[in-house]
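Only this structure's heavy atoms are used, side chains among them; waters, hydrogens and symmetry mates stay out.
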Amino acid sequence: MNPARRTTALASTAVVLATAGTLLTITPASAATTCASPVFKRQFFANTGFSGTPKKTDCDSVIDQNWGTGAPASGLPKDTFGVRWTVTRDFGSGGPFTLAASGLDGIRVYLDPGTADARKIDLWKNVTTTVSKTVNVTVPKGKHTLRIDYVNWTGSAKVKFGYTPRTSATADKVKPLAPTGTSVAYDSATGKAKLTWAKNKEMDLAGYRVYRRTGDAWTSLTTTTATSYTDGTLPVTGASYYYEVRAYDKAGNESAGTADQLVTTADRTAPAVPTGLDTSLSLSGIQIEWTEVAGAASYRVYRAPKGSSSYVGIGDPTTASYLDTSAAEESTYTYRVTALDAAGNESARSAAVTTTRPDTTAPPAVTGLEVTPTGYGFSLSWDPNPAPDLGRYVVYRGELLGDDEEKVCSVHEVEWLSADTTSYEYATLPDGEEACLFVDAYDDNWWSAWKTAGEANIVTATELDVTPGVVTPEGSPLELDASGAEGDEGNLLDWNWSAGSQETTGYRVYRWNTATEAYEKIADVAGDVTSYHDTGALRGTASFYWVTTLAADGTESVPAGDYAVSTP
């Protein structure tokens, strides 16, 4: 409270008074009075209409005066006078406020006087007891003017006014304004970043939160009431980091962030040591691979010959692999790898891995392949492969795709054979299809002409067509599975019956006779038997079968059909 005192005539210079611990400057009426916001400018009038020139103008930081029955200032009457306070201040984001006024006699409170609905409190009458009123208002963001008019008609004079933000979470939903004037300074010697910003103008400000981002992830660093923060936790890795500051109020509302402030740190940290080092072989040399290291711009591959601990750098790849084409065949080497970042920091060397580069010359393509169509599929023979380290053969069979002008052989593996084999009996259903076949040779190191160079001598042949001239009808209650003989036991026929509870007295087995061009009965078996070995079938051919069920009256079901192929 800054009550005016009765004084003698003022000199032309300002007089400074100490009141309630506050320095209050009273300026002569002849001089212009300026009061720094949020201090009120106070004017004293010798009337209740606030007309004419104020008798006195000064600054008042708090409206809380009790003049009793005396005059409030020299040159004013003890009754019928008026006092007006005004202040224009920045309310920041605005929001909900409480205006509270009390006194003897009349009090009026205006928000942005001169605008519609400016008057917020109106206690305008001559009273003998203290009157008071409290109202809740919403103040828009930015600068606004408060004006408090007080009049005393008769008797004691006192007045009190205050405005405060409402800070409960239920009342205040308005976010503070984002801090302004943000800047950051990075000290590369210490690796610290100092962030500064301007003080926020919110009246209900609780503090600031400082955030740091790398990539898309924000990390909260600190909460402070100061307007600066020094981050001493930055890694010196050369990475880029962004800062922003957000204000928060007493209701817990948080502002938007400031514009991002970029800091690119000094890089004095070497990348992690490469792990997962492994080697593999190719026709061109020894392939070294490892797990990619985060932050690595390149790698350095070191090599030492067998029995030596002297490593020499042999390559600087930018990816996590390197092909050592200078390694001699059938020689042993030990490799280690380091990671380097863009600043040239080099990691320690990885764990060592040792390998030998073998002979990487693939066997030549197999020659002399002859394919003979047979009653069981094809008979194949070929020239022995001359590779000294021959390990095995692989038989491929495929189908021809494309038109007559250009055809492609789409193949799949049929059989793996030992290195001392130069023939193969390929059992397949001879149904007249055209096939393409070749044989590939692998050495002991798993190199082959086909797998490594796409080289193969392909032979085309057309199967014999030994399929029956009679089509197996549909609708049999049986499911038949036939497989070719592997010894003297004959072809094996297995079936199951899905006719429900209907009984059968037995089954009848038929085999196709190419001479008579008919299915001929070869056996009747009991109803509790579901398999049959055909020892009468010729080896090295395809045999076609029917099996039927026998009813009590001797009638047969629709047959189920299948075939079995056996090699000689």
Sidechain-backbone polar pair: Asp112 side chain, Thr115 backbone, donor-acceptor under 3.5 Å: no
Donor-acceptor under 3.5 Å (Gln261 side chain, Ala259 main chain): yes
Any side-chain heavy atom of Arg300 within less than 4.5 Å of one from Leu340? yes
Are Arg336 and Tyr311 in a cation-pi contact, defined as NZ or CZ under 6.0 Å from the six-membered ring centre and within 45° of the axis? yes
Provide the closest heavy-atom pair for Leu205 versus Ala247 in the form atom of the first, atom of the second, distance. CD1-CB, 3.8 Å
Are any of the side-chain heavy atoms of Thr334 and Val353 separated by less than 4.5 Å? no
Which atom of Pro72 lies closest to which atom of Pro77, heavy atoms considered: CD-O, 3.8 Å
Check: Trp416 ring centre within less than 6.0 Å of Tyr442 ring centre: yes
Looking at Arg303 and Asp324, does any basic side-chain N land under 4.0 Å from a carboxylate oxygen? yes
Answer with yes or no whether the side chains of Ser102 and Ser132 bring together a donor and an acceptor at under 3.5 Å. no
Test the Arg119-Trp124 pair against the cation-pi criterion, namely NZ or CZ under 6.0 angstrom from the six-membered ring centroid and within 45° of the ring axis. no
Please test Asn253 against Val174 for side-chain contact (heavy atoms from CB on, under 4.5 Å), starting from the C-alpha separation and ending with a verdict. CA-CA 7 Å; Asn253 300 303; Val174 179; 5.5 Å; no
Counting only N and O atoms by type, is there a donor-acceptor contact under 3.5 Å from the side chain of Arg246 to the main-chain atoms of Ala178? no
Asn200 versus Tyr208: any side-chain heavy-atom pair under 4.5 Å? yes
Taking atom types as modelled, find out whether Thr130 and Lys158 have a side-chain donor-acceptor pair closer than 3.5 angstrom. yes
Nearest 0.5 Å, what's the CD1-OH distance between Ile288 and Tyr333? 11.0 Å
Under the side-chain contact (heavy atoms from CB on, under 4.5 Å) rule, what do Asn345 and Thr269 come out as? Steps first, then yes or no, please. CA-CA 7 Å; Asn345 299 304; Thr269 303; 5.8 Å; no
Side chains of Thr86 and Tyr110, heavy atoms from C-beta outward: is any pair under 4.5 Å? no
Thr154 vs Asp79, test: side-chain hydrogen bond (donor to acceptor under 3.5 Å, both in side chains). Steps then yes/no. CA-CA 5 Å; Thr154 59; Asp79 293 317; 5.6 Å; no
With ring pair (Phe, Tyr, Trp, His ring centres under 6.0 Å) as the criterion, how do Tyr299 and Trp290 come out once you've worked through the C-alpha distance, each side chain's angles and the decisive distance to 0.1 Å? CA-CA 10 Å; Tyr299 303 90; Trp290 54 92; 5.3 Å; yes
If only atom types and distance count, is the side chain of Tyr243 paired as donor or acceptor with the main-chain N or O of Thr258 below 3.5 Å? no
So, for Phe161 and Trp85, is the gap between ring centers shorter than 6.0 Å? no
Looking at Lys175 and Glu254, is any side-chain nitrogen of the basic one under 4.0 Å from a carboxylate oxygen of the acidic one? no
Can you check whether Tyr302 reaches Ile314 side chain to side chain, under 4.5 Å on heavy atoms? no
Is the shortest side-chain heavy-atom distance between Tyr163 and Arg89 below 4.5 Å? yes
Can Thr332 and Thr356 be said to form a side-chain hydrogen bond (donor to acceptor under 3.5 Å, both in side chains), step by step? CA-CA 4 Å; Thr332 301; Thr356 301; 2.5 Å; yes
Please determine if Asp187 and Lys192 form a salt bridge, counting it only when a charged side-chain N lies under 4.0 Å from a carboxylate O. no
I need the Thr355 OG1 to Leu281 CG distance, nearest 0.5 Å. 5.5 Å
Charged N to carboxylate O under 4.0 angstrom, Asp149 versus Arg108? no
Is it true that a side-chain atom of Glu202 and a backbone atom of Leu177 form a donor plus acceptor pair closer than 3.5 Å? yes
State whether Phe44 and Lys56 meet the cation-pi test: NZ (Lys) or CZ (Arg) under 6.0 Å from the six-membered ring centroid, and within 45° of the perpendicular axis. yes
Evaluate the criterion side-chain hydrogen bond (donor to acceptor under 3.5 Å, both in side chains) for residue pair Thr338 and Glu346; output intermediate values, then yes/no. CA-CA 7 Å; Thr338 61; Glu346 185 175 12; 2.7 Å; yes
Cation over ring face, Arg212 and Tyr242, 6.0 Å, 45°: no
With the side chain counted from C-beta on, respond yes when Pro165 and Asp172 share a heavy-atom pair under 4.5 Å apart, and no when they do not. no
Ring centroid separation Phe97 to Phe91 under 6.0 Å: yes
For the pair Glu330 and Arg357, find out whether any cationic side-chain nitrogen is under 4.0 Å from an anionic carboxylate oxygen. no
Is the CG atom of Asp403 crowded by more than 12 outside heavy atoms at less than 6.0 Å? yes
CA sep, side-chain torsions, deciding dist, call: Ser168, Thr170, side-chain hydrogen bond (donor to acceptor under 3.5 Å, both in side chains): CA-CA 5 Å; Ser168 70; Thr170 55; 3.3 Å; yes
Go through it in stages, so that I can follow the logic: the residues are Tyr335 and Val301, the test is side-chain contact (heavy atoms from CB on, under 4.5 Å), and I'd like the CA-CA distance, side-chain angles, deciding distance and then a yes or no. CA-CA 7 Å; Tyr335 296 91; Val301 180; 4.2 Å; yes
Polar side-chain atom of Lys451 near backbone of Trp447 as donor-acceptor pair, under 3.5 Å: no
Quick check for you: to the nearest 0.5 Å, what is the distance between Leu146 atom CG and Leu99 atom CG? 6.5 Å
Which heavy atom in Asp341 sits nearest to a heavy atom in Ala270, and how many Å separate them? OD2-CA, 4.5 Å
Using 0.5 Å steps for rounding, measure from the CG atom of Asn152 to the CG atom of Asn126. 7.5 Å
Is there side-chain contact between Ile286 and Leu323, with at least one heavy-atom pair below 4.5 Å? no
Okay, side chain of Thr134, backbone of Ala100: is any donor-acceptor separation there less than 3.5 Å? no
Could you tell me whether Lys250 and Asp204 have a side-chain N and a carboxylate O separated by less than 4.0 Å? no
Say whether, by atom type as modelled, one donor and one acceptor occur between the side chain of Ser308 and the main chain of Ser310 under 3.5 angstrom. yes
By the definition salt bridge (Lys or Arg N to Asp or Glu O under 4.0 Å), identify the one residue from Arg42, Arg84, Lys160, Lys41 that meets it with Asp60. Arg42
At what distance, to the nearest 0.5 angstrom, does CG of Asn445 lie from CG of Asp443? 5.0 Å
Is any NZ, NE, NH1 or NH2 atom of the basic residue among Arg213 and Asp260 found under 4.0 Å from an Asp or Glu carboxylate oxygen of the other? yes
Short question: side chain of Asp105, backbone of Val127 - any donor-acceptor pair under 3.5 Å? yes
Determine whether more than 12 heavy atoms belonging to other residues, nucleotides or ligands lie under 6.0 Å from atom CD of Glu292. no
Hey, is the main chain of Thr88 close enough, under 3.5 Å, to the side chain of Ser37 for a donor-acceptor pair? yes
Given the rule in the side-chain contact (heavy atoms from CB on, under 4.5 Å) test, do Trp197 and Tyr229 qualify, once you have shown the distances and angles that lead to the verdict? CA-CA 9 Å; Trp197 58 93; Tyr229 173 72; 4.2 Å; yes
Kindly check if the number of other-residue, nucleotide or ligand heavy atoms within 6.0 Å of CD (Glu413) is above 12? yes
